Novice: 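The following block contains the structure, expressed as structure tokens.
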Amino acid sequence: MTNLDSLNPVQKQAVLSTDGPVMILAGAGSGKTKTLVTRITYLLEDKNVSPHQLLALTFSNKAAREMRERIAHEVTMDVGSLQITTFHAFCAKLLRSEANFLGLSRNFTIYDDGESKAIAKSLLERRGISTKEINPYDILSYIDGLKNNGYYPGRVMVDGGEADPSDEFFGYFEEYESELHRANALDFGGLITAVIQLFEKFPEVLQRYQNRFVYVLVDEYQDTNRAQFDLIRMLCGKRRNICVVGDEDQSIYSWRGADIRNILDFEKIFPDVTVLKLEQNYRSSKTIIEAASCVIERNTMRKGKHMWTDNPEGDAIEIVECFNDKDEAEFIAQETGKLYKAGTPYKEMAVFYRSNAQARQIEDSLRKYKIQYRVVGGVKFYERKEIKDMLSYLRLVINAKDSLAVSRIINVPARGVGATSLRKLEVEAVNNNTSLWDIIEKIGDHTSEFSHIKLSAKIKSSLTEFVTLINELRHLDQNKVKPSIIYEKVLHESGYYAFLKANKDYETLARLENLDELLNAITQFEESAEVPTLSGFLETITLDSNSDFDEGAKPADGEVSLMTVHGAKGLEFTHAFVVGAEENVFPSYRSVDSGEIAMEEERRLFYVAMTRAMIKLYITFAQGRMLFGQVKFNGPSRFIDEIPEKLFTWKKLKGRQEDHFNQSYSGGGNQKSFDPYDQSQDSHYDNEEVVYQIKESYYQPKFPKGAIVVHSLYGQGKVEDSEGSGADEKVSIKFADGARKKFMVKFAPIVMA
DNA sequence: CACCGTTAAGTTTTT
DNA sequence: CTTAACGGTG
């Protein structure tokens, strides 16, 4: 029997109300996941529901993994067939097994946003419209908007969201859809709408799933869009055992299509719903909860909840007024340093900012103070050029119709097939309503209908070579050869590796390293997946791009986390810094005069940020901030005004702090020691001093072979190799821990020991 | 076709 | 200030 003793009365009710529609409004830190896990455990163990009959949908893979692990920990039975998955992964899996209904084949490719954008661009190009006249992004937003509403071509919408065929973008939508169809591909939004379409056109398929899933559960319900809501409604249409869990106050993705009406109107759709509110917070101090509540209660578009906690009063919130953004960053570094000395491990601290651009300044100061940190989010591994190139090869192996992949790699490395030739082939493909691959494969064959296409013999022969390679790879894949072997074959036999190697610059090194990491990822996938197929790998990385495999060894005390407020949702830290709490920054300038709806979302964001903190919350802002090249004086955020005065202390940092640093860190006049505060060593090229320094040392290497040097991040090491001089000087250093790294001297923070 | 200089714009990104 | 993306040139 499942033990419910550790649950509070509402949580208990949330577990026990298994039948009929239930909406759980779970405030921040209210033990939501615990409740969900117990609910599922209860269904499995006490109500004898088979794992096969349960479906739990989440938004992120991380949430799905966490829930699955916790359930596996709780129950004794095998939870292998338990479907705890993301909306997109669920749809992808379903579509692969039912693909034939929609004229897709099961090996369809999933296009990410970047690929969708590439298609939008090519549609414009095809019509001879410059991207200056029409921004491809606008077309995409339009298409995305339709898909978020659950629209697919020809769908009859019940309550709005219908496409208006007279809209100037509607044509693009239709063309985009047929382009994807020709490529045997779906985009993220299309994964959802395709399932809706499947269910509407083939009720017998829907019935199968309705019969199978006796209990359906949706996490982060506030983030669902209309399409996802439609899907849920269909799935649970028969038994109506639907349980949604969300918090309207944490809805921060409306710009991605999340429709807060899904929460606000749930009762209209399911009049017999049981609404439960988890209002007790187990995370934060009374002070933090009260402050956050005061802020969020200004919002009008909410169902209303009142958070409370049994936790202690705690410290006052610290509001810190800084002179400028630089001082703000210095304050963060000093304070995290102080906290650390006082016994708080770095991993318990986090800095939240509204936009990524704010990270840099903070990173700089943390580095200066040698505080361990990590930036969560940021540039994605799989979006790097070399990675996308290699993945395109692999995708083409799986799905021959993937024209986007073909056009990406047909001339990488150079095969003499430039834009013009590619253009010819593309036109031919469109005219014949076939795929690029089809044309390319047949072009060399004199008997084929495409042999008339005028291309030089040289191009034709390199195309044939390309076709042969891909076909060989396909053969390997069909014979269940390990993905890593296929990958290595492409890398080398496509000429890509040699092509990269031919370049000797600094960036190439990083690229080659990234390709190694990709191999690493594939190998790791092979070890962990039940059936390690190439298509499985590709799906994992498009639908779960965060599956970190490059998580290196972390320092024992952890690292201070730096992330956007969006990235912070669902996390908690004992000490949290909300930075840049200024008008036009947080709230963002984009939302400041875009009306109350946008402002309410900013307020929810601020609320999310505040409620991450368990023990102490810092809110900082700068009087003046460098924004778009000039100093702006925005004034403190309106959200600060919304916090009752008795809950915070206001500290105004005195003037510029820099003088302090120069005194304590300038290294006693030793010119050789690396001084991070010394402007002359920063990598600003517009700084005359730097130019001068480089010129002076032009004729001899600054760090000759054998020299003992100190790198500000990696510590002491020995120069193993040195090539070039002046601005082009490159050194290879072996560090104390045995690691070997290469640096461009002009970029690297290295000094002689 | 690759490189460079000019130009314009500048949130957030679970999948 | 930065960065991406376009268009012109060698």
Side-chain angles (χ1 to χ4, degrees), chain A residues 57-66 85-92 110-117 121 125 130-133 135-137 144 147-148 186-192 219-225 227-228 250-258 325 352-361 376-380 382-383 411 414 416-422 503 539-547 563-571 580 584-592 594 598 601-602 604-606 608-609 625-632 683-686:
Chain A
L57 295 170
T58 64
F59 274 80
S60 68
N61 291 286
K62 200 173 136 202
R65 271 192 292 271
E66 187 189 341
T85 176
T86 65
F87 271 94
H88 293 87
F90 170 74
C91 290
I110 300 166
Y111 281 170
D112 66 21
D113 293 345
E115 283 140 359
S116 300
K117 196 176 168 198
K121 262 184 162 172
E125 211 176 291
S130 119
T131 51
K132 277 187 177 156
E133 283 168 77
N135 186 343
Y137 185 78
D144 223 38
K147 294 192 175 195
N148 284 336
L186 288 171
D187 58 11
F188 285 135
L191 286 171
I192 315 286
D219 192 15
E220 302 286 9
Y221 181 65
Q222 75 282 352
D223 293 332
T224 48
N225 59 33
Q228 287 155 338
Q250 294 187 70
S251 167
I252 54 176
Y253 282 101
S254 71
W255 51 277
R256 277 294 235 130
D325 45 343
F352 308 132
Y353 34 80
R354 178 64 237 270
S355 74
N356 285 308
Q358 292 167 259
R360 181 192 278 193
Q361 191 86 252
V376 181
V379 197
K380 293 208 177 94
Y382 292 108
E383 276 164 23
N411 206 31
V417 190
T420 329
S421 313
L422 179 61
N503 261 324
E539 176 147 324
T540 309
I541 59 176
T542 19
L543 291 183
D544 188 4
S545 56
N546 276 337
S547 50
M563 63 188 92
T564 64
V565 182
H566 284 89
K569 199 180 75 168
L571 304 177
N584 298 316
V585 176
F586 198 173
S588 152
Y589 68 96
R590 300 284 284 234
S591 308
V592 165
S594 335
E601 181 141 324
E602 292 285 330
R604 290 193 290 270
L605 258 181
F606 202 83
V608 167
R625 174 179 303 269
M626 194 59 122
L627 224 53
F628 305 146
Q630 47 183 326
V631 180
K632 300 269 189 191
S683 54
H684 295 297
Y685 303 115
D686 54 346

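Computation of the quantities below employed the complete heavy-atom set of this structure, encompassing side-chain atoms and omitting hydrogens, waters and symmetry-equivalent molecules. Source: prediction; values computed, not measured. Within every chain, numbering begins at 1; the chains are lettered A, B, ... in the order of the sequence lines, protein sequences first and strands thereafter.
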Novice: Using atom C1' in both nucleotides, what's the gap between B/dT14 and C/dT3 to the nearest angstrom?
Specialist: 26 Å

Novice: Please give me the minimum heavy-atom distance between A/Ile110 and A/Glu115, naming the atom from each residue.
Specialist: O-OE1, 4.0 Å

Novice: What's touching nucleotides 1-8 of chain B from the protein side, N or O pairs under 3.5 Å?
Specialist:
{"from": "B/dC1", "atom 1": "OP1", "to": "A/Asn411", "atom 2": "ND2", "distance (Å)": "3.4"}
{"from": "B/dC1", "atom 1": "OP1", "to": "A/Gly418", "atom 2": "N", "distance (Å)": "3.3"}
{"from": "B/dC1", "atom 1": "OP2", "to": "A/Ala419", "atom 2": "N", "distance (Å)": "3.0"}

Novice: Tell me what A/Ser591 touches on the nucleic acid: a base, only sugar-phosphate, or nothing, going by heavy atoms under 4.0 Å.
Specialist: base

Novice: Can you name the one residue among A/Gln222, A/Lys569, A/Glu220 that meets side-chain contact (heavy atoms from CB on, under 4.5 Å) with A/Tyr253?
Specialist: A/Lys569

Novice: Do the side-chain N or O atoms of A/Arg360 get closer than 4.0 angstrom to the phosphate oxygens (OP1, OP2) of C/dC1?
Specialist: no

Novice: With heavy atoms under 4.0 Å as the rule, sort A/Glu602 into base, sugar-phosphate or nothing.
Specialist: base

Novice: Can you list everything that forms a side chain to side chain contact (heavy atoms under 4.5 Å, CB included) with A/Thr86? Sequence neighbours excluded, please.
Specialist: A/Thr58, A/Asn61, A/His88, A/Ala89

Novice: Is the ring pair A/Phe59/A/Phe87 parallel, tilted or perpendicular, if the boundaries are 30 and 60 degrees?
Specialist: tilted

Novice: In this structure, how many angstroms lie between the P atom of B/dT13 and the CD1 atom of A/Ile252, rounded?
Specialist: 9 Å

Novice: Atom CD of A/Glu115 and atom P of B/dT13: how far apart are they, to the nearest Å?
Specialist: 20 Å

Novice: May I have the step-by-step check of salt bridge (Lys or Arg N to Asp or Glu O under 4.0 Å) for A/Lys147 and A/Asp187, ending in yes or no?
Specialist: CA-CA 10 Å; A/Lys147 294 192 175 195; A/Asp187 58 11; 2.9 Å; yes

Novice: Taking atom CZ of A/Phe586 and atom CZ of A/Phe352, what is their separation to the nearest 0.5 Å?
Specialist: 10.5 Å

Novice: Looking only at atom P, what distance separates B/dT12 and C/dA5, rounded to whole Å?
Specialist: 15 Å

Novice: Do A/Phe628 and A/Tyr589 make a side-chain contact, defined as non-hydrogen atoms from C-beta onward lying under 4.5 Å apart?
Specialist: yes

Novice: Starting at the 5' end of DNA chain B and moving along, which residue's nearest nucleotide shows up first, A/Ser355 or A/Lys62?
Specialist: A/Ser355

Novice: Below 4.0 angstrom from OP1 or OP2 of B/dT13, is there any side-chain N or O of A/Thr564?
Specialist: yes

Novice: Between B/dT14, B/dG10, C/dA5, spot the one nearest the side chain of A/Phe628, thanks.
Specialist: B/dG10

Novice: Could you check how far CG of A/Leu605 sits from P of B/dT13, rounded to whole Å?
Specialist: 10 Å

Novice: If I take atom OH in residue A/Tyr221 and atom C1' in nucleotide B/dT14, what distance separates them, rounded to the nearest angstrom?
Specialist: 17 Å

Novice: Phosphate oxygens OP1/OP2 of C/dC1: is one of them under 4.0 Å from a side-chain N or O of A/Arg625?
Specialist: no

Novice: Once you round it to whole Å, what is the distance between P of C/dT2 and CD of A/Gln361?
Specialist: 10 Å

Novice: In whole angstrom, give the distance that lies between atom NE2 of A/His566 and atom P of B/dT12.
Specialist: 9 Å

Novice: Closest to the A/Trp255 side chain: B/dT13, B/dT14, C/dC6?
Specialist: B/dT13

Novice: Nearest whole Å is fine: how far is B/dT13 C1' from A/Asn225 CG?
Specialist: 14 Å

Novice: Would you tell me if any nitrogen or oxygen in the side chain of A/Asn356 comes within less than 4.0 Å of OP1 or OP2 on B/dT13?
Specialist: yes

Novice: Under the criterion of centre distance below 5.5 Å and interplanar angle below 30°, is A/Tyr253 classified as stacked on the base of B/dT13?
Specialist: no

Novice: Across the strands shown, which category fits A/Asp112 at heavy-atom distances under 4.0 angstrom: base, sugar-phosphate, nothing?
Specialist: nothing

Novice: How long is the line joining CD of A/Gln630 and P of C/dT2, in whole Å?
Specialist: 14 Å

Novice: Less than 4.5 Å apart, side chain to side chain, heavy atoms only: is that true for A/Ile192 and A/Asn148?
Specialist: no

